[in-house]
Amino acid sequence: MTDDRLSGVSTVKTQRAGHLGRIILDRPSHLNAVDLSMAEGISRVLDAWQNDPGVQVILLQSSSPRAFCAGGDLKALHGLIAQEGTDRAFQAMSGVYAVMRKIAAYPKPTVSFLDGIAMGGGIGLGGHATYRVVTENSVIAMPETGIGLTPDAGGSWILSRAPGFSGLRLAVTGNRMNGIGAIMTGFADRMVPAETLPDIAALLEKRGAHEVFALIAPIPAVNVQGLDGCYDAPDLATAVKNLVERGGEEGQKDLMALSQACPFSVQLAWEAWHRARNLTTLDAAFEQEETLVSHLIRRKDFTEGVRSKLIDRDGAPQWTPGTLPEVDMAEVHACFTR
């Protein structure tokens, strides 16, 4: 049964069958980039189903196999800053964060199918569900340092709890993971063939989520801490030196990623990861992230990063400052205070 009146927006579809309620992201031409309208649509559905005894499990999925959600709608934010200013843009971002926190705290079991691309805001929507499913097509990342931001959408919480220093590496480089990597770093719980997702959804219509996922065996553990010796360093400069001297081929890839990312954001992400390790709740991580983002969207790096990556696509952002050693650490530390 389909009833899209619940969301009130065309980019969010809903279906009910058995005791399963589906929230289907349906903005394929934008890779389901989440904006405030989509977030509010999801929120309305969650509110409607929270006290509905006929809905026992919530499934978040995409209408397209290409992407679950590629992130926030950065082009829209870029335009909003130009037209209405950074305060209005931050207000919109806060509204999107609110529904992510609602999903994380939802009283009924939630399931996300992170098939295809799931990055940034996509992790915010699907990465805090009770059961997170990836496939052979999954591409998972928190790539915010590449656009002048820092891992947000609750991503810093997951990164700070990944094994060893693997989360720190992902935070500063924005490196992508496949499904196996996502499970090993705590971004997902089960990996299945993409072709079986409809079968899992059909089971969820009739059986409890815990019962269904007990039937899916976890994948064997693999090592995701290969460069821990380089990132276990007192500061970013030392980590970079370690990568140069003993990082090998993988280290060279990280150095390339770091050279292309926003220097200020990389230094901030390094500091934020270490601070997030001392936080005790996901809500606290969201609060720290929002404080950081409130500063970062007011810096020129954010609009410059979005311009270069998504608007002009020239791959030549003019960061301020242009190199890691030039970053003023006092300015970085100031971002942790509203």
Side-chain angles (χ1 to χ4, degrees), residues 30-35 66-78 93 96-97 100 114-128 132 134 137-160 162 165-179 181-182 184-188 224 227 231 236 250 253-273 276 285 289 292-293 296-297 299 301-317 319 324:
H30 292 74
L31 299 180
N32 291 336
V34 56
D35 58 9
R66 188 177 176 195
F68 170 74
C69 171
D73 191 335
L74 301 173
K75 283 186 178 180
L77 285 172
H78 188 278
M93 294 177 80
V96 174
Y97 294 145
M100 296 171 180
L114 304 179
D115 189 30
I117 301 168
M119 298 184 183
I123 298 303
L125 293 178
H128 310 300
R132 304 158 300 171
V134 288
N137 301 321
S138 295
V139 182
I140 311 295
M142 297 300 299
E144 287 74 19
T145 58
I147 54 162
L149 287 180
T150 187
D152 63 345
S156 69
W157 175 257
I158 304 174
L159 291 167
S160 64
F165 290 85
S166 60
L168 176 59
R169 179 187 181 190
L170 293 167
V172 297
T173 63
N175 287 347
R176 298 181 176 190
M177 296 171 278
N178 59 16
M184 294 302 104
T185 52
F187 279 82
V224 293
L227 289 179
Y231 285 94
L236 180 57
E250 285 299 304
K253 293 178 182 177
D254 282 16
L255 289 168
M256 178 60 71
L258 291 170
S259 73
Q260 296 172 343
C262 170
F264 189 88
S265 290
V266 171
Q267 287 281 12
L268 184 67
W270 175 279
E271 179 71 16
W273 182 86
E289 292 167 356
L292 298 176
V293 169
L296 290 172
I297 65 167
R299 301 184 83 256
D301 282 339
F302 174 61
T303 50
E304 174 64 5
V306 175
R307 178 206 65 77
S308 174
K309 195 173 190 71
L310 299 174
I311 298 175
D312 296 338
R313 297 180 182 271
D314 57 17
W319 303 122
L324 290 170

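In this chain, residues are counted from 1 in sequence order.
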### Query
Can you name the residues that form a ring pair (Phe, Tyr, Trp, His ring centres under 6.0 Å) with Tyr97, not counting sequence neighbours?
none
### Query
Closest heavy-atom contact between Val266 and Ala261?
CG2-CB, 3.6 Å
### Query
Does any N or O in the side chain of His128 come within less than 3.5 Å of the main-chain N or O of Ile158, such that one atom is a donor and the other an acceptor?
no
### Query
Quick one: CG on Leu268 to CG on Leu149, what's the gap to the nearest 0.5 Å?
9.5 Å
### Task
In sequence, state the C-alpha distance, the side-chain angles, and the governing distance for Asp35 and Val96, and then conclude on side chain to side chain contact (heavy atoms under 4.5 Å, CB included).
CA-CA 7 Å; Asp35 58 9; Val96 174; 5.9 Å; no
### Query
To the nearest 0.5 Å, how far apart are CD1 in Ile311 and CG in Leu74?
9.5 Å
### Task
Write down the atom of Trp273, the atom of Phe165, and the distance for their closest heavy-atom approach.
CH2-CD2, 3.8 Å
### Exam field: side chain Glu289 to backbone Gly154, donor-acceptor pair closer than 3.5 Å
yes
### Query
Got Val139 and Asn178 here, is their nearest side-chain heavy-atom distance under 4.5 Å?
no
#### Entry: Set of residues satisfying ring pair (Phe, Tyr, Trp, His ring centres under 6.0 Å) with respect to Trp270, sequence neighbours excluded
His274
### Message
So Met177 and Leu170, do their side chains get closer than 4.5 Å, heavy atoms only?
### Response
yes
### Task
Indicate yes or no for a side-chain donor-acceptor contact from Ser138 to the backbone of Gly179 under 3.5 Å, with no hydrogens or angles considered.
no
### Summary
So CZ of Phe302 and OG of Ser265: to nearest 0.5 Å the spacing works out to 10.0 Å
### Query
Do you see a donor-acceptor pair shorter than 3.5 Å between the side chains of Asp254 and Thr173?
no
## Note on the structure
Shortest non-hydrogen pair, Asn32 vs Ala67, comes out as ND2-O, 3.3 Å
### Task
Using the side chain to side chain contact (heavy atoms under 4.5 Å, CB included) rule, take Leu296 and Phe264 through it: C-alpha gap first, then chi angles, then the decisive distance, then the call.
CA-CA 9 Å; Leu296 290 172; Phe264 189 88; 3.8 Å; yes
## Note on the structure
When every non-hydrogen atom of Ala188 is compared with those of Val134, the smallest separation belongs to CB-CG1, 3.6 Å
#### Entry: Gap between atom CE of Met93 and atom CD1 of Ile297 - 0.5 Å precision
6.0 Å
### Task
Begin with the C-alpha distance, continue with both residues' side-chain angles, and end with the deciding distance and a verdict on side chain to side chain contact (heavy atoms under 4.5 Å, CB included) for Thr145 and Thr150.
CA-CA 5 Å; Thr145 58; Thr150 187; 5.6 Å; no
### Query
Is Asp312 reaching over with its side chain to a backbone N or O of Asp314, donor-acceptor style, under 3.5 angstrom?
no
### Message
Could you tell me if Arg132 sits above the aromatic ring of Phe187, with its cationic atom closer than 6.0 Å to the ring centre and no more than 45 degrees from the axis?
### Response
no
### Message
Can you tell whether the side chains of Lys309 and Glu304 come within less than 4.0 Å, N to carboxylate O?
### Response
no
#### Entry: Point-to-point distance, once rounded to the nearest 0.5 Å, from CG of Leu159 to CZ of Arg169
13.0 Å
### Shortest non-hydrogen contact from Ser156 toward Pro151
CB-O, 4.0 Å
### Query
Can you name the closest pair of heavy atoms from Ala285 and Trp157 and give their distance?
CB-CB, 3.8 Å
### Query
Should Arg307 and His78 count as side-chain neighbours, where that means a heavy-atom distance under 4.5 Å?
yes
#### Entry: Separation of Leu125 CG from Cys69 SG (nearest 0.5 Å)
5.0 Å
### Query
Does the pair Asp115 and Phe68 meet the rule for a side chain to side chain contact (heavy atoms under 4.5 Å, CB included), with working shown?
CA-CA 6 Å; Asp115 189 30; Phe68 170 74; 5.9 Å; no
### Task
Give a yes or no on whether Arg66 atom CZ has more than 12 heavy-atom contacts from other residues, nucleotides or ligands under 6.0 Å away.
no
### Query
Under a 4.5 Å cut-off applied to non-hydrogen side-chain atoms, are Arg176 and Ile140 in contact?
no
